[in-house]
K.L.:
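Got a structure for you, questions after.
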Amino acid sequence: MEQKYDAKSKIDKQTGCCTVDVDYKSEHSNDDGHDHSGGNDSLIKMFLPAIISFVLLLVAIGFDNYLPQTWFTGWARIIWYVVAYFPVGFPVLKEALESIRKGEVFSEFLLMSIATIGAFAIGEYPEGVAVMLFYAVGEVFQTLAVQRAKTNIKLLLDQRPDEATVMNGENATIKKASEIAIGEIIQLKPGEKLALDGKLLSDTASFNTAALTGESKPDTKQKDETVLAGMINLNTVVLVEVTTVYTDSKLSKILEMVQEATAKKAPTELFIRKFAKIYTPIVVLLAIAICLLPILFLDDYAFNDWLYRALIFLVISCPCALVISIPLGYFGGIGAASKNGILFKGSNFLDLMASIQVVVMDKTGTLTKGVFKVQKVVAVEIPEAELVKYTAALETKSTHPVGTAIIEYAKGAEKNATVTAVEEIAGHGLKGKVDGNEILAGNVKLMKKFNISYDVEIDNTPFTIIVIAINQKYAGYFLIADEIKEDAKEAIQNLHKINVKTVMLSGDKQAVVDAVAKELNIDQAYGDLLPENKVEKVEELKLQNLKIAFVGDGVNDAPVVALADAGIAMGGLGSDATIETADIVIQNDQPVKIFTAISIGKQTKKIVWQNITMAFVVKGIVLILGAGGLATMWEAVFADVGVALLAILNAVRIQRMKF
């Protein structure tokens, strides 16, 4: 079933409260709710109902207070305000009825409806329109924030290899991967991602397997060896015979693991969801009690007077300050994060990031660049420049990514050298002549094969070593490793400053992992892990009741990303499966943004709680005064619209903050 990106505001089935989530749903989802996806609507179209209501409201207030009209009385005045109310009020009234029909009676839509209709019932028409108008504008702002997050995340996703080039003799045709049968031949060009598992028919090929296996070292495959869906061809055009159908590929199995892990994800609810299921029914029942109970205790009970108090109570208690400012606070946080290259897929993940205790990170592509680089050159009894020139010249005759790293390091020094008699010794390295000198370049097995003595310390180095001999004499070596990202150390330091524990998981050798962990001062590091081993490690941490964020970029990271409380994907280099599964996406692949995400989460939560406290304190005071008959509609307006405006102003200031 085709997948599409969707952003919806849904009614929480337990609380009846409107919540906005950003997720991936099937094309034929039956999920109903209050849609915030917005489609391709223009800004004018989105704001049009609010603009119409606002203009009609201003004209009516002008007629009431500044330009009195003889005709603007009685039913004419009521109808005018009803028309002003309709564009912003009808969608909310409709949602209230829909939620009641589904059995979710006490929703924010119901309270908004009762409060505004109540305002009309006591003759406060401007206030009834104004309250709903502010609510409608808040909904539009939420829609814009979700649209922005949706668009940015869609741009990040890789194109999954749904198609492949199938060879029939000399003829090439493009077919859907799901329609390709076992035994068919696929042509894979350099840079293309393999769509199905298969057997390599070409003599040799190098593949980038980092996204699939977690290994930073490119994998060179020989004829008849197995290659997997998700591997990226690095060098020449190759042919692959399909051995597994699309649904049974390694990639598909990993995606199945993602679905299983997603089912284990602990749900995190925002405060407003938990509070709404208690607050809304209590407020409605109290309003009824204020209206009717005094008849049991008062001899001079006047129904209209107590109805007036009850309706003021409802207007005051309308949770506009919460239902507008809290979502705006969270979406303000989402906006601030977006400016910093971080995308949150839901407001609740801002809360989660504020309480994270452990950050678990993949190595390749997360803390390191996933690209081979020459880290060190050691020359013995020969100038380093000469060693680099000879080695790079010989490597120009190779297609291996390690050789490419040496050529890049040489920066053209090899161009004037004459290379002859090059011979590739399988599993060992290269032999050839450069400017008349015999050069050997390869691993230590190559040196042993030709009985050449070398520095035995090389055997204890965890990284890739290319040893060089010139004219049968050891001349030095190149240390080649996956390069650590420039800001990785700063990222770990910042996390330690806020008492967040750091753990690194990797498919690389334990020796390599230990070396990186030592350089970055990571608390714990585990290597030689398969995808299922990473899941086990995270489950062990979860048993300690710790709030965990996992950061990864490869497809193999997707199951553990889904299992963590907060899953973070490195978007620029990451696979589409991980990005789809993750709760948070770091666009620019900078590890330091993990700390930034936590900081934004903490600041957002702080602002939201400021709004909650302010709303409850002010409303609590005015509610008591209203029930006692000491508050007029003016106080009710301040407790509702005034507090909402103050809360909104407080909420939007996060977007001006620097992180």
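Keep in mind that the numbers below use all heavy atoms, side chains included, and drop hydrogens, waters and symmetry copies. We count residues from 1, following the sequence as given.
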K.L.:
Any chance CH2 of W71 has more than 12 other-residue heavy atoms, nucleotides or ligands included, within less than 6.0 Å?
P.N.:
yes
K.L.:
My understanding is that only residues two or more places apart in sequence, or in another chain, count here; which of them pass ring pair (Phe, Tyr, Trp, His ring centres under 6.0 Å) with F54?
P.N.:
none
K.L.:
Would you say K547 and L352 make side-chain contact, with heavy atoms under 4.5 Å?
P.N.:
yes
K.L.:
Report the distance from atom NZ of K94 to atom CD of E98, rounding to the nearest 0.5 Å.
P.N.:
6.5 Å
K.L.:
Which residues satisfy the side-chain contact (heavy atoms from CB on, under 4.5 Å) test with S178, sequence neighbours excluded?
P.N.:
K176, Y246
K.L.:
What residues form a side-chain hydrogen bond (donor to acceptor under 3.5 Å, both in side chains) with Y125, not counting sequence neighbours?
P.N.:
none
K.L.:
Once you measure the plane-to-plane angle for F120 and Y85, does it fall in the parallel (<30°), tilted (30-60°) or perpendicular (>60°) bin?
P.N.:
perpendicular
K.L.:
With sequence neighbours left out, what residues match E486 under salt bridge (Lys or Arg N to Asp or Glu O under 4.0 Å)?
P.N.:
K369
K.L.:
Ignoring hydrogens, what is the shortest heavy-atom contact between W306 and I290? Give both atom names and the distance.
P.N.:
CE3-O, 3.3 Å
K.L.:
To the closest 0.5 Å, what do you measure between CG (D362) and CD1 (I568)?
P.N.:
13.0 Å
K.L.:
Could you tell me which residues satisfy ring pair (Phe, Tyr, Trp, His ring centres under 6.0 Å) with F595, sequence neighbours excluded, listed by chain and number?
P.N.:
none
K.L.:
Heavy atoms, side chains only, cut-off 4.5 Å: are T596 and I586 in contact?
P.N.:
no
K.L.:
By side-chain contact (heavy atoms from CB on, under 4.5 Å), which residues pair with L286, not counting sequence neighbours?
P.N.:
I282, F313
K.L.:
Taking only residues two or more places apart in sequence or in another chain, which ones pass side-chain contact (heavy atoms from CB on, under 4.5 Å) with Q590?
P.N.:
D487, N588, V592, K593
K.L.:
When rounded to the nearest 0.5 angstrom, what is the spacing between CZ in F72 and CD1 in I79?
P.N.:
11.0 Å
K.L.:
Kindly indicate, with the supporting measurements, whether the criterion side chain to side chain contact (heavy atoms under 4.5 Å, CB included) is fulfilled by F659 and I654.
P.N.:
CA-CA 10 Å; F659 293 95; I654 190 172; 4.2 Å; yes
K.L.:
Contact between I621 and V617 at the side-chain level, heavy atoms closer than 4.5 Å - yes or no?
P.N.:
yes
K.L.:
If you compare all heavy atoms of P591 against all heavy atoms of K485, which two are closest, and at what distance to 0.1 Å?
P.N.:
CD-CD, 3.7 Å
K.L.:
Of all heavy-atom pairs between K605 and A354, which one has the smallest distance, and what is that distance?
P.N.:
CD-CB, 4.0 Å
K.L.:
Tell me the side chain to side chain donor-acceptor pair (under 3.5 Å) pairs involving residues 643-653, sequence neighbours left out?
P.N.:
Q610-N650, Q610-R653, N611-N650, N650-R653
K.L.:
If every non-hydrogen atom of I356 is compared with every non-hydrogen atom of A566, which pair is closest and at what distance?
P.N.:
CD1-CB, 4.3 Å
K.L.:
Nearest heavy-atom pair of L133 and S53: which atoms, and what distance?
P.N.:
CD1-CB, 4.1 Å
K.L.:
N494 versus E490: any side-chain heavy-atom pair under 4.5 Å?
P.N.:
yes
K.L.:
So, using side-chain contact (heavy atoms from CB on, under 4.5 Å) as the criterion, who are the partners of L48 when residues are at least two apart?
P.N.:
I52
K.L.:
Is the count of non-hydrogen atoms from other residues, nucleotides or ligands lying under 6.0 Å from I44 atom CD1 greater than 12?
P.N.:
no
K.L.:
Return the OG1 to CE distance between T366 and M570, rounded to the nearest 0.5 Å.
P.N.:
5.0 Å
K.L.:
Quick test of your reading: applying salt bridge (charged side-chain N to carboxylate O under 4.0 Å, His left out), list the pairs with at least one residue in residues 74-88, sequence neighbours left out, ordered by first then second residue.
P.N.:
D64-R77
K.L.:
Going by heavy atoms in the side chains, are I598 and L495 under 4.5 Å from each other?
P.N.:
yes
K.L.:
Distance check, rounded to the nearest 0.5 Å: D565 atom CG versus F349 atom CZ?
P.N.:
10.0 Å
K.L.:
Please enumerate all residues that pass salt bridge (Lys or Arg N to Asp or Glu O under 4.0 Å) together with E179, with sequence neighbours excluded.
P.N.:
none
K.L.:
Which residues pass the ring pair (Phe, Tyr, Trp, His ring centres under 6.0 Å) test with F90, sequence neighbours left out?
P.N.:
F86
K.L.:
Which heavy atom of T116 sits nearest a heavy atom of S113, and at what distance?
P.N.:
OG1-O, 3.2 Å
K.L.:
Calculate, to the nearest 0.5 Å, the distance between atoms CG and CD1 belonging to L56 and I51 respectively.
P.N.:
12.0 Å
K.L.:
Within the structure provided, determine whether P126 and L57 are in side-chain contact (heavy-atom separation under 4.5 Å).
P.N.:
yes
K.L.:
Evaluate the side-chain proximity of M353 to I600: yes if any heavy-atom separation is below 4.5 Å, no if none is.
P.N.:
no
